[in-house]
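The residues of the chain are indexed from 1 along the displayed sequence. The model shown is predicted, which means the values in this text are computed figures rather than measured ones. Atom set for the values below is all heavy atoms of this structure, side chains included, hydrogens, waters and symmetry mates excluded.
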Amino acid sequence: MTFVPAIADQRFVLDHVVGLDEIAGHERFAAASADTVEAVLEGIGAFAEGEWAPLATAGDRIGARWTPEGVVMPEGFRAAYQAYVAGGWGTIGVDERWGGQGLPFVVQAAVLETLGTANMGFALAPILTVGAIEALAHHGTPEQQATYLPRLASGEWTGTMNLTEPQAGSDVGALRTTATPREDGTYLISGTKIFISFGDHDLADNIVHLVLARTPDAPAGTRGISLFLVPKVRLDGTPNDVRAVSIEHKLGLHASPTCVLSFGDNGDCVGELIGPEFGGMRAMFTMMNNARLNVGVQGVQVAEGATQKAAAYARERVQGARDGAPAAIVEHADVRRMLLRMKAQTMAARALVYYACGQVDRATLGDAKARERLEMMTPLAKAHATDLGNEVASLGVQVHGGMGYVEETGAAQFFRDARITPIYEGTNGIQAADLVGRKLSLANGGAFADLIADLRRDARHPALVRLVDACETVGRRLQGASADDRQAASYPFLTMLSVAACGWLMERQAAVPAADAVKRAACAFYLDQIVPEALGLEAAASASAEVLYALPAGAF
């Protein structure tokens, strides 16, 4: 295991990209002093290195195991999770009213990055709990908040989100799970949900499921969906009628049990309504938008881990010679190209995701422009950071050569674990569709115009200036294009705009006097080599949808 907490890199981005000192200058986040944040980063780094990183290989090779009595995690996981609870690491970004520390969301994101770099599959448990806390904090009743939030915040209980069903996939409006009202105001839940991460486990004594379902005579589609809180164990200590029917056998993330959950097999699964009837999508999107940023954090996790492992191998692996002496492969030009690209893309992903998370905190402080910027940045942070995680993990295998294709080196685990991230919490294609379908028109196009203005004002590198101009040209064309043409251009446009935003943030980092030689080299590589690549996407982002529909469906 090569994990080393990236404390210095995290702190650099918090200081020079996020502007954490400005956020901490407000009373709401006054607890986020420089000393406190440093202590949090160092503390979680030591914890992750000592408790979670040693379990990463076992989590992959042994994985979660289904039994008729419930899902069993590999040896050592429950103790490591209980140590996480005892350390108070789940409370970092939770409001003090619910037993949290009240620190900024972006600091919580840094904590999750460290945990996930150490053990990506394991870290999905707290990521999902964070989302459940957000949904309840915004939409739960005072009684629900008082009952559930302190236990979720501490990590004593974990949370899940239950959207997907076998027949529905990404079409949430096609779900069939039902919620039948009872006289006492609760509901009987009946149905099946699939792909539920940490839907069952033995880490904690209770799991709080947030479940989308339909009440009787509900309107069709998403308008008729409501959100329900369904605990695995009821407050009186009796088991609820919900069980894991099976877990999936997956390409990666073996330490994260992905469950098929059955609700109400015996007609006795009791849940509570969260928010108003038919308000399920609004409440769930609170959770999903949080989760999308944290999936972007997963892109950073896997990129950081793969980069650390590849760099360590390249320094140690001797092959060939340089200047007449045996040389480690880090001396070879193409290996250096790959390592520098990995470092640059990891830096770019971290800057992009942390910047977006910082907008969450600014929006919390009442900054309306930050809320608009967050809306613009969320699809970029989720999609592009996870694309980069996949690219960097693949390069990590390549740096190892043939040994990268052998499981014992551990390089392949990053590659396998990364592959789900562009798929769940809304595929990256859905993120691109959201960008061109909703975000370009946000504030009558003002949010996009403001972002372009910021990029143009600060851009210095000639290639970045040209890319910003291209993004504006394509974006304005798409604002007036047909729905088909917008969708056809959506993914290349999302990548162009993401690279422009990353280039903007990389230039900002390179300009900091405290930036070391590695950061300066990675920033120069990004601006000189990666930004020009994105310019090549302009043709694809400007093309008509006609070419995509030239063939009949059967031709594929």
Side-chain angles (χ1 to χ4, degrees), residues 13 17-18 105-106 109 288-300 303 344-360 362-363 369-392 421-443 445 447-456 458-459 464 467-468 470-472 474-475 478-479 486-487 489-508 526 530-531 533-534 537-538 540-541:
V13 175
V17 171
V18 175
F105 180 80
V106 69
M288 285 191 68
N289 286 330
N290 175 293
R292 285 170 175 173
L293 291 178
N294 283 327
V295 172
V297 173
Q298 287 189 298
V300 182
Q345 295 286 44
T346 301
M347 282 181 61
R350 181 180 286 115
L352 180 66
V353 174
Y354 278 36
Y355 176 79
C357 291
Q359 300 307 304
V360 174
R362 294 177 186 276
K369 285 294 184 182
R371 189 168 298 282
E372 287 182 2
R373 181 60 54 87
L374 173 62
E375 290 278 327
M376 285 295 304
M377 298 305 293
T378 296
L380 309 187
K382 192 279 178 183
H384 194 60
T386 56
D387 281 347
L388 295 187
N390 276 265
E391 179 191 343
V392 172
T421 59
I423 298 172
Y424 58 18
E425 303 312 332
T427 67
N428 286 1
I430 289 174
Q431 305 307 312
D434 178 50
L435 174 64
V436 300
R438 292 184 58 246
K439 304 306 171 58
L440 280 182
S441 59
L442 188 67
F448 174 65
D450 286 348
L451 176 59
I452 291 295
D454 283 352
L455 300 182
R456 177 170 288 118
D458 297 338
L464 182 58
L467 180 57
V468 172
C471 287
E472 181 177 34
V474 173
L478 293 178
Q479 285 173 335
R486 286 199 307 272
Q487 294 298 318
S490 61
Y491 212 97
F493 176 67
L494 179 144
T495 303
M496 288 176 64
L497 189 58
S498 297
V499 173
C502 286
W504 174 54
L505 298 174
M506 292 292 270
E507 272 199 333
R508 184 183 299 184
Y526 193 91
I530 296 174
V531 168
E533 291 173 8
L537 294 171
E538 185 174 5

For residues [X] and [Y], report the shortest heavy-atom separation together with the two atoms involved.
X	Y	answer
Met377	Ala501	CE-CB, 4.3 Å
Val353	Ala381	CG2-O, 3.9 Å
Ala500	Cys471	CB-SG, 4.0 Å
Ala447	Ala443	N-CB, 4.1 Å
Gln431	Pro379	O-CB, 3.5 Å
Ala344	Met506	O-CE, 3.6 Å

Quiz prompt | Lys/Arg N to Asp/Glu carboxylate O, Glu425 vs Arg292, below 4.0 Å | solution =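 Looking at Glu425 and Arg292, the cut-off is not met.
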Quiz item: Are Val360 and Val106 close enough, and set up right, to give a side-chain contact (heavy atoms from CB on, under 4.5 Å), and what steps lead you there?
Solution: CA-CA 8 Å; Val360 174; Val106 69; over 6 Å; no
Contact between [X] and [Y] at the side-chain level, heavy atoms closer than 4.5 Å - yes or no?
X	Y	result
Leu497	Val474	no
Asn428	Leu494	no
Leu455	Leu451	yes
Cys357	Val18	no
Tyr526	Val531	yes
Gln298	Thr386	no
Ser490	Leu435	no
Arg373	Asp454	yes

[atom1]/[X] to [atom2]/[Y] distance, rounded to the nearest 0.5 angstrom?
X	Y	atom1	atom2	value
Met347	Cys502	CE	SG	11.0 Å
Thr421	Leu388	OG1	CG	10.0 Å
Tyr491	Thr427	OH	OG1	8.5 Å
His384	Thr495	NE2	OG1	6.5 Å
Leu467	Trp504	CG	CH2	13.5 Å
Arg456	Leu464	CZ	CG	10.5 Å

Self-check item: Residue pair Val499, Leu537: steps toward the side-chain contact (heavy atoms from CB on, under 4.5 Å) verdict
Solution: CA-CA 11 Å; Val499 173; Leu537 294 171; over 6 Å; no
Exercise. Go through the steps for Met376 and Asp450 under the test side-chain contact (heavy atoms from CB on, under 4.5 Å), then give the verdict.
Key: CA-CA 10 Å; Met376 285 295 304; Asp450 286 348; over 6 Å; no
Quiz item: Is there a donor-acceptor contact under 3.5 Å from the side chain of Lys439 to the main chain of Glu375?
Solution: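 Present.
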Quiz item: Got a donor-acceptor contact below 3.5 angstrom from the Arg371 side chain to the Ala363 backbone?
Solution: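 Yes; at least one donor-acceptor contact below 3.5 Å.
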Self-check item: side-chain contact (heavy atoms from CB on, under 4.5 Å) assessment of Val13 paired with Leu505
Solution: CA-CA 9 Å; Val13 175; Leu505 298 174; over 6 Å; no
Exercise. Answer yes or no: does atom CZ of Arg508 have more than 12 heavy-atom neighbours from other residues, nucleotides or ligands under 6.0 Å?
Key: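 Check passes, neighbour count above 12.
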